[in-house]
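Note sheet for the following structure.
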Amino acid sequence: MIKIEDYPLTRVPQDKRVSFLSVAIVHMGMLTALDQFMLGAVLGNSMTLGDAFSAIFIGSLIFGVVTYGLGLAGMREGISGSLLARWCGFGRLGSVLIGVVVAVSLLGWFGIQNAIFAKSLDFALGNRLGFGLAAGLSGTLLTILVAFGFKALRIAARIAVPMFIMLVAFISVTALSGHNLQEIIQLAPPGEPLTISAGITIVVGGAIVASLMTPDLTRYSKNGKHVLGVTIFTIVAGEFVVNGLAILIAKTLGTADVVTIMSQAAGGAGLLVVVFSTLRVNDLNLYSSSLGIVNAVEGITGKRLKYTYTTLAIGILGTTLSVLGILDRFVDFLTVLGVVFPPIIGIMLVDYYLLRSHRKVLDDSRRAGQLPDQTPTIGWAAIVASIIGGVVGLVTEWGVPTINSLLAASLLYWAFKLAFSRAQKPAATL
């Protein structure tokens with residue numbers, strides 16, 4: 001059984017590695033949730049069928065390559081993504097900053113998922129509460145549950161994954177029956193149009209946090225073939241099945257609104273599954289975000305914040321984002337994720353596989369079953385290159401933003417490291 005919180009600062013021993021399915025099922029759960037269905041609905045409502053599936057294919061290819069690369073490194077070293085970043089360019093403080101970025105992104109996901117919860121609740125009550133009040137109530141309820149450790153609803157929320165999968169299957173049959181593929185292909189997208197490059201970026205943005213977290217799971221894998229299988233398994237289930245069905249359903253029903261889709265196709269049962277799904281995902285979002293902030297503050301200042309107060313503060317922020325309308329900025333949110341995270345991952349891959357800056361100390365310590373004795377304090381080259389890469393992805397109007405940010409940061413980091421090494425050579429000979 002995988003427990004992500006186990007071995008937080010040590011390598012996972014070989015005798016604690018688990019089977020392919022044990023890792024694959026947990027990893028697949030990251031991309032078979034409601035947020036992926038939402039993404040597919042946006043694509044189906046804003047793009048032609050051919051363009052939408054082209055965006056999924058290219059986005060999945062990018063996601064697959066970087067996920068496999070990071071996952072393989074995690075398997076080889078037996079350490080989590082945050083630990084791996086310490087010896088992949090970012091250093092100890094740089095890896096803490098990555099944790100902050102992940103925590104902030106999860107805060108955004110909390111706001112979006114809570115907004116879906118609130119819309120479902122308000123819809124079920126005949127719009128008597130109003131969205132703002134519903135969002136405030138749902139966000140407050142979940143924050144209290146996570147902060148004070150109430151486990152009853154968490155246990156109930158665990159049934160959300162099979163319920164959600166069954167619901168998607170049911171809606172697919174009911175919504176798509178009577179429509180042939182040729183008819184769906186000819187349907188014009190009713191929503192605000194998205195280009196293929198924008199579609200690729202939001203596909204990557206919807207999955208890229210899972211990519212960065214992949215070493216947390218694959219450190220339990222036994223070999224590289226298992227890592228490759230986990231990556232393919234997740235892409236097929238999350239991107240092509242969940243996203244693909246959402247695209248077809250959204251085009252058939254003519255809407256990207258998940259609450260409308262669920263209520264039209266499955267009535268009250270559909271809304272109930274939405275509530276359980278958002279509860280399950282937001283439980284993890286809030287917990288991980290709070291834990292990330294606590295660890296970051298401790299890593300930088302040495303002071304440990306109280307988990308309960310941190311959770312309450314983050315929950316209030318996330319709920320505020322819901323009330324302010326972050327759901328209306330869903331595409332913008334995914335676009336930002338799609339250009340902020342690829343530079344971080346690209347730099348880690350360049351450092352680990354090409355520059356191999358710390359591979360010797362990693363190899364030596366791995367043979368001893370320990371972590372390296374020496375840890376770089378902060379990798380300025382990696383931090384600067386990742387920031388510039390993100391800016392390039394956001395401001396350039398040509399090409400695909402997520403690819404632009406990935407390549408810009410990776411090449412810039414490589415250039416920085418080569419320049420630094422050449423500058424240090426004369427000094428070493430004195």
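These numbers come from a predicted model, not from an experiment.
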Report yes if the side chains of Ile314 and Leu106 come closer than 4.5 Å at any heavy-atom pair, otherwise no.
-> no
Measure the CD1-CG distance between Ile326 and Leu321 for me, rounded to the nearest 0.5 Å.
-> 4.5 Å
Phe20 meets the ring pair (Phe, Tyr, Trp, His ring centres under 6.0 Å) criterion, sequence neighbours left out, with His226
Between the main-chain N or O of Leu371 and the side-chain N or O of Arg366, is there a donor-acceptor pair closer than 3.5 Å?
-> no
Validation row: Leu327, Met38 side chains within 4.5 angstrom (heavy atoms) | yes
Close side-chain approach of Phe90 and Ile344, heavy atoms under 4.5 Å = yes
Within a strict 4.5 Å, meaning less than it, do heavy atoms of the Val102 and Phe341 side chains meet?
-> yes
Do Thr218 and Ser221 have a side chain donor and acceptor closer than 3.5 Å?
-> no
Is the side chain of Thr260 donor-acceptor paired with the backbone N or O of Ala256 at a distance under 3.5 Å, no angle test?
-> no
Given side chain to side chain contact (heavy atoms under 4.5 Å, CB included), test Cys88 with Ile347 step by step and report yes or no.
-> CA-CA 8 Å; Cys88 287; Ile347 288 168; over 6 Å; no
Side chain to side chain contact (heavy atoms under 4.5 Å, CB included) evaluation trace for Leu334 with Thr201 = CA-CA 8 Å; Leu334 292 183; Thr201 299; over 6 Å; no
Do any N or O atoms from the side chain of Asn404 and from the backbone of Thr396 form a donor-acceptor pair under 3.5 angstrom?
-> no
Please assess Gln113 against Asp35 for the test side chain to side chain contact (heavy atoms under 4.5 Å, CB included), listing each intermediate value before the final yes or no.
-> CA-CA 8 Å; Gln113 297 283 355; Asp35 46 8; 3.4 Å; yes
Heavy-atom pair of closest approach, residues Pro190 and Gly254 | CG-O, 3.9 Å
Value rounded to 0.5 Å, distance of NE2 in His27 from CD1 in Ile25 | 13.5 Å
Give a yes or no on this: more than 12 heavy atoms of other residues, nucleotides or ligands lie within 6.0 Å of atom CZ of Arg329.
-> no
Test item: Phe123 and Met262 side chains (from C-beta on) under 4.5 Å apart, heavy atoms = no
Determine the minimum heavy-atom distance between Gly69 and Tyr353, stating which atoms define it.
-> O-OH, 2.7 Å
Counting only pairs under 3.5 Å, give me each side-chain donor-acceptor contact of residues 354-361, with atom names and distances, residues two or more places apart or in other chains.
residue	atom	partner	partner atom	Å
Ser357	OG	Asp351	OD2	3.0
Arg359	NH1	Tyr352	O	2.8
Lys360	NZ	Asp364	OD2	3.0

Can you check whether Met75's main-chain N or O pairs, donor with acceptor, with Arg17's side chain at less than 3.5 Å?
-> yes
Side-chain donor or acceptor of Ser322 paired with backbone N/O of Gly111 under 3.5 Å = yes
Answer yes or no: are there more than 12 heavy-atom neighbours, outside Tyr309 itself, under 6.0 Å from its atom OH?
-> no
What one should report as the nearest heavy-atom pair of Ala85 and Ser95 is CB-CB, 3.9 Å
Heavy-atom closest pair, residues Pro343 and Val339 = CD-O, 3.1 Å
Any side-chain donor paired with an acceptor under 3.5 Å for Thr311 and Ser290?
-> yes
Where do Thr319 and Gly139 come nearest, in terms of heavy atoms and distance?
-> OG1-CA, 3.3 Å
How many angstroms lie between CG in Leu70 and CE in Met348, if you round to the nearest 0.5 Å?
-> 5.0 Å
NZ/Lys222 to OG/Ser19 distance, rounded to the nearest 0.5 angstrom?
-> 6.5 Å
Evaluate side-chain hydrogen bond (donor to acceptor under 3.5 Å, both in side chains) for Thr67 paired with Ser211, printing each intermediate quantity in order.
-> CA-CA 5 Å; Thr67 299; Ser211 180; 2.9 Å; yes
Just by distance, do the side chain of Ser289 and the backbone of Leu286 share a donor-acceptor pair under 3.5 Å?
-> no
State, with a plain yes or no, whether a side-chain heavy atom of Phe240 is found less than 4.5 Å away from one of Phe57.
-> yes
Got Phe110 and Leu317 here, is their nearest side-chain heavy-atom distance under 4.5 Å?
-> no
Please check if the side chain of Ser46 supplies one atom and the backbone of Leu43 the other of a donor-acceptor pair under 3.5 Å.
-> no
Any sub-3.5 Å donor-acceptor pair from Ser386's side-chain atoms to Ile383's backbone N or O?
-> yes
Find the distance between CG (Leu107) and CG (Asn285) and round it off to the nearest 0.5 Å.
-> 9.5 Å
Which atom pair, heavy atoms only, marks the closest approach of Leu49 to Lys251?
-> CD1-CD, 3.8 Å
Measuring from Ile200:CD1 to Thr195:OG1, what's the distance to the nearest 0.5 Å?
-> 8.5 Å
Kindly write out the residues that satisfy ring pair (Phe, Tyr, Trp, His ring centres under 6.0 Å) with Phe333, not counting sequence neighbours, or none if the list is empty.
-> Trp109
Can Arg219 and Ile79 be said to form a side chain to side chain contact (heavy atoms under 4.5 Å, CB included), step by step?
-> CA-CA 6 Å; Arg219 62 196 174 119; Ile79 58 180; 5.6 Å; no
Paired with Ile62, the side chain to side chain contact (heavy atoms under 4.5 Å, CB included) test is passed by just one of Val204, Ile208, Ile345, namely Val204
Hey, is the main chain of Gly338 close enough, under 3.5 Å, to the side chain of Thr402 for a donor-acceptor pair?
-> yes
Is there side-chain contact between Leu31 and Phe63, with heavy atoms separated by less than 4.5 Å?
-> yes
Run the salt-bridge test on Glu77 and Arg11 with the 4.0 Å N-O cut-off and return the result as yes or no.
-> yes
Without swapping roles, check the side chain of Asp51 against the backbone of Ile196 for a donor-acceptor pair under 3.5 Å.
-> no
